[in-house]
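Below: one structure, written as structure tokens.
First the proteins, then the strands, lettered A, B, ... as listed; each starts at 1. Just so you know, these numbers come straight off a predicted model, no measurement behind them.
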Amino acid sequence: MKDLVRKSIQNALAKLGVECGIDKITLDHPKNDKFGDLSTNVAMVFSKQARKKPRDFAAEIVETLKGDSIFSDVRIAGPGFINFFLNEKYWLDVVRAVNSEGDSFGAGATKNKKVLVEFVSANPTGPLHIGHGRGAAVGDVLARLMDFAGYDVTREYYVNDVGNQIRTLGNSVYARYKELLGEEVEFKENYYQGEYIKDIAAKIKENDGDKYLNQNDDDILKLGRQAGDEILEGIKQDLIEFGVEFDNWYSEGTLVESGKRDAGIEEMKSLGLMYESEGALWFKTTEFGDEKDRVVIKADGAMTYFASDIAYHKEKYERGFDEIIDIWGADHHGYVARISAVVQALGHKKESFTALLIQLVHLLRGGEKVSMSTRAGKFETLKDVVDEVGRDAARYFFMMRKSDSHLNFDLELAKSQSSENPVYYVQYCHARVCSIFKNATEQGYEIPEKIDDGAWCLDSPEEIKIIKQLWIMPEMVESAANAKEPHRVAFYVYELASLFHTFYNKHRVLVEDENVARSRLFLVRAVRQAVKNCLNILGITAPTEM
RNA sequence: GCGCCCGUAGCUCAGUUGGAUAGAGUGCUUGACUACGAAUCAAGAAGUCACAGGUUCGAAUCCUGUCGGGCGCACCA
């Protein structure tokens with residue numbers, strides 16, 4: 001529809017002899033009904049070029065547009081806006097489209113673009129906490145959203161199974177193990193403090209008794225790997241319970257063993273972007289906008305984390321992805337320029353890489369802030385939260401803020417089955433429609449698959465508002481995916497649910513008048529469909545009863 | 001000191017990539033079930049969009065500066 005209007009405007013301009021790029025103008029949905037269904041700023045944008053006053057120019061455009069049958073009216077308002085009122089017949093077409101497109105209503109056409117979304121990627125040194133949960137929710141919903149919008153999406157978790165943290169993990173477990181066997185040990189401050197370390201140690205003791213006493217460094221590293229594997233299994237399980245699944249688990253270890261890490265460094269060397277200084281090897285990230293150059297190989301010969309990152313991101317492009325999205329905690333924002341430098345050094349467009357930064361989560365319980373620190377071992381795990389408030393509520397709460405805002409997650413509110421809880425508000429809308437259908441069937445009404453022009457008779461403001469909201473869902477999907485802002489889906493569907501509840505309280509669906517009942521059932525069916533599709537993107541269930 | 005993010009109703013936050021009279025939820029005041037589910041709805045009050053300039057037909061949105069809050073500035077992972 002928008003395209004049709006756009007074309008009409010273009011034709012009108014051509015008739016008036018104005019040469020212009022039609023993509024310079026906007027075609028918006030005004031928030032105020034009196035400004036019509038669509039609104040354009042074309043007259044103001046091109047008034048200079050046409051050498052006319054905006055309102056005069058608008059009047060000329062309107063004259064040439066008025067005959068078009070898709071409009072019921074075209075008016076000029078304010079400084080020169082042109083407001084379009086669509087022919088009422090069009091609203092039925094919208095509802096028909098929703099019902100006939102079904103589960104794919106709102107979906108975008110294939111973009112022929114491969115997108116890699118890398119998210120969570122927490123080190124396998126401890127269970128996921130609430131902050132990881134937010135990253136998991138944002139990444140998962142973004143992946144679902146972009147998939148729905150027509151992108152070819154792959155989800156990946158990067159496993160940091162190499163490096164000092166695995167050794168530290170081994171030392172931590174080993175220390176707890178020795179403690180359990182009654183030995184005096186020094187439990188260093190940088191060891192992982194959490195209770196889960198004790199659990200792992202206890203399991204080892206249970207299975208193998210004291211046979212691991214007197215281990216050397218290599219054995220302890222092995223112990224660390226073993227513990228890491230076990231923790232990773234737990235992470236996978238927690239994510240599955242949260243409704244998050246990955247296509248790939250990309251191991252840093254394989255990157256190193258396959259020689260790809262070294263190859264990445266070699267490539268940067270051949271590009272002349274590496275230099276030695278003070279015994280270390282540096283990457284000239286400043287050539288691409290970073291604040292300072294970064295060390296890749298330390299003076300002691302050890303590789304930094306960045307060395308792997310170079311190869312990993314190089315590898316992402318080599319696997320054929322057109323767009324790379326990394327989702328990180330906001331405390332990692334200092335790395336954006338670094339990775340961006342790698343991307344540019346490899347000759348890829350800067351825009352093909354996006355780092356989405358997820359702000360902190362403040363967990364509240366009865367107004368009290370709950371502190372969380374992995375090191376201190378006193379934290380709320382994702383599993384605890386999901387077990388307590390449920391998967392749907394947890395996922396929805398993470399979508400209630402855009403990701404670069406801090407998020408207050410109130411456990412009591414998420415748990416409460418009250419009107420204060422927006423999850424239920426939206427789900428209730430779906431359940432209500434299902435309930436209407438149940439009653440309808442019992443009372444002998446047919447749930448219409450389609451509807452004839454003559455039978456359609458809805459024109460109340462409450463009904464038209466719902467239809468307009470349905471109408472913009474495809475645009476919402478498109479722009480939310482484009483902006484990589486999955487929270488917009490949550491806000492959209494909340495608004496749709498709100499319009500439905502208002503309608504429900506004012507109008508009765510199962511009325512005697514056959515056409516009215518049929519029309520309303522057809523409309524309400526479309527609402528259920530759109531809500532279901534949104535909840536699907538959010539990874540939240542659409543209950544038929546609550 | 002430098003860089004990034006944020007500052008919108010008492011509180012928690014949206015704001016369609018620059019549009020028209022800035023919107024929700026919550027809290028407060030007051031109403032609506034003998035009608036498809038009251039986990040719902042309706043009405044009222046609540047604002048110098050942190051502040052000051054600039055860009056233009058038009059700014060919460062873009063640019064500069066100031067103030068306030070968070071985070072980051074490793075040859076750590």
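Across all strands shown, A:K34 has heavy atoms under 4.0 Å from base atoms, whether or not it also approaches the sugar-phosphate. Looking at heavy-atom distances under 4.0 Å, A:K292 makes contact with sugar-phosphate atoms alone, never a base. Looking at heavy-atom distances under 4.0 Å, A:F35 makes contact with a base. No contact: A:V423 has no heavy atom under 4.0 Å from any strand. Nucleic acid contact class of A:A337 (heavy atoms, under 4.0 Å, all strands): none. Across all strands shown, A:K438 has no heavy atoms under 4.0 Å from either base or sugar-phosphate atoms. Here A:S405 lies in heavy-atom contact (under 4.0 Å) with sugar-phosphate atoms only. Among the atoms of the strands shown, none is found under 4.0 Å from any heavy atom of A:E475. Note on A:H332: a base of the nucleic acid sits closer than 4.0 angstrom, heavy atoms only. Nucleic acid contact class of A:A440 (heavy atoms, under 4.0 Å, all strands): none. Within 4.0 Å of A:N83, counting heavy atoms only, lies at least one base atom of the nucleic acid. Across all strands, A:N160 comes closer than 4.0 Å to no nucleic acid atom at all (heavy-atom distances).
Rounded to an integer number of Å, the gap from CD of A:E545 to P of B:G37 is 11 Å. Per the geometry, CD1 belonging to A:I76 stands 17 Å off C1' belonging to B:G19, to the nearest Å. Rounding to whole angstrom units, CG of residue A:N505 and C1' of B:G37 are separated by 11 Å. At whole-Å resolution of the value, NE2 in A:H29 and P in B:U17 are 10 Å apart. We find that CZ of A:F500 is positioned 13 Å from C1' of B:A39, with the value rounded to whole Å. Nucleotide B:C75 holds its P atom 11 Å from the OH atom of A:Y275, rounded to whole Å. Atom pair A:L27:CG and B:U17:C1' shows a separation of 15 Å (rounding to whole Å applied). Summarising the geometry, the separation between CG on A:N32 and P on B:G15 is reported as 20 Å, rounded to the nearest angstrom.
For B:A20, one of the phosphate oxygens OP1 or OP2 lies less than 4.0 angstrom from a side-chain nitrogen or oxygen of A:K31.
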What's the verdict on ring pair (Phe, Tyr, Trp, His ring centres under 6.0 Å) for A:Y157 and A:Y250, showing C-alpha distance, side-chain angles and the deciding distance? CA-CA 6 Å; A:Y157 187 121; A:Y250 198 99; over 10 Å; no
Verdict with reasoning, A:Y335 to A:H332, per ring pair (Phe, Tyr, Trp, His ring centres under 6.0 Å): CA-CA 6 Å; A:Y335 299 92; A:H332 287 69; 5.4 Å; yes
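Aromatic ring pairs are classed by plane angle as parallel below 30°, tilted from 30° to 60° and perpendicular above 60°; the pair A:Y425 and A:Y494 is parallel.
Taking the O4'-C1'-N9-C4 or O4'-C1'-N1-C2 dihedral as appropriate, B:C6 has a value more than 90° from 0 and is therefore anti.
The base of B:C76 lies close enough to the side chain of A:Y335 for a donor and an acceptor atom to sit less than 3.5 Å apart. With hydrogens and angles ignored, no donor-acceptor pair under 3.5 angstrom links the side chain of A:T502 to the base of B:A42. For A:H333 against B:G3, a side-chain-to-base donor-acceptor contact under 3.5 Å is present.
No side-chain heavy atom of A:F353 sits under 4.5 Å from any side-chain heavy atom of A:E323.
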Writing each nucleotide of RNA chain B 5' to 3' as (, ), [, ], | or . by Watson-Crick or G-U pairing under 3.5 Å yields (((((.(..((((.....[...)))).(((((.......))))).....(((((..]....)))))).)))))....
